[in-house]
Amino acid sequence: QLQLVESGGGLVQPGGSLRLSCAASGFSLNNYAIGWFRQAPGKEREGVSCITMSGGSTNYADSVKGRFTISRDNARNTVYLEMNSLKPEDTAVYYCAAAFDPYSTICVIQRHYSHWGQGAQVTVSS
């Protein structure tokens, strides 16, 4: 069974940090571009970040640029989203998604993804 599983969510105070993990099971992420998305209650899903198969290209939404960092460890079959200087408006369910793409050298957040995780809740509140 092909699965993506997010972990690392939780409750954090404004200004704090969290690291989300996206682990794959049943398939290798080596040839997949990975995207992170989030959805707050009553809002549309928002693309947050992406990373190419090689890790050579990353991209970020303006709302998180300079605060979030995406990275990957293909040996561990895991992608990470390091989130710093968190704000209450970062509160959302965060999802990772995978798109088979061993070719692209430039990462584009909005694209078709074939696999999605179940989501991890991130709550930023004092």
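Computation of the quantities below employed the complete heavy-atom set of this structure, encompassing side-chain atoms and omitting hydrogens, waters and symmetry-equivalent molecules.
Looking at every heavy atom in both residues, Ala92 comes nearest to Ala40 through CB-N, 3.8 Å. Closest of all the heavy-atom pairs between Glu6 and Gly119 is OE1-N, 2.9 Å.
More than 12 heavy-atom neighbours from other residues, nucleotides or ligands sit within 6.0 angstrom of CZ on Arg111. Atom NZ of Lys65 sits in a crowded spot, with more than 12 heavy atoms from other residues, nucleotides or ligands closer than 6.0 Å.
For Glu46 and Ser63, the side-chain atoms include at least one donor-acceptor pair closer than 3.5 Å.
The backbone N or O of Thr52 lies less than 3.5 Å from a partner atom in the side chain of Arg72, making a donor-acceptor pair.
With rounding to the nearest 0.5 Å, the separation of CG in Leu29 from CG in Asn77 is 4.5 Å. Remark: Arg67 CZ to Leu86 CG distance equals 6.5 Å, nearest 0.5 Å. Remark: Gln121 CD to Leu11 CG distance equals 9.5 Å, nearest 0.5 Å.
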Q.
Run the side chain to side chain contact (heavy atoms under 4.5 Å, CB included) test on Phe27 and Tyr32 for me, step by step, so that the C-alpha distance in whole Å, both residues' side-chain angles and the decisive distance to 0.1 Å come before the verdict.
A. CA-CA 10 Å; Phe27 70 109; Tyr32 285 78; 3.7 Å; yes
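The other residues sharing a hydrophobic cluster with Val93 are Phe37, Tyr95, Ile109, Tyr113, Trp116, where clustering joins ILVMFWY side chains under 4.5 Å apart.
The pair Asp90-Lys87 does not meet the salt-bridge criterion, since no charged nitrogen lies less than 4.0 angstrom from a carboxylate oxygen.
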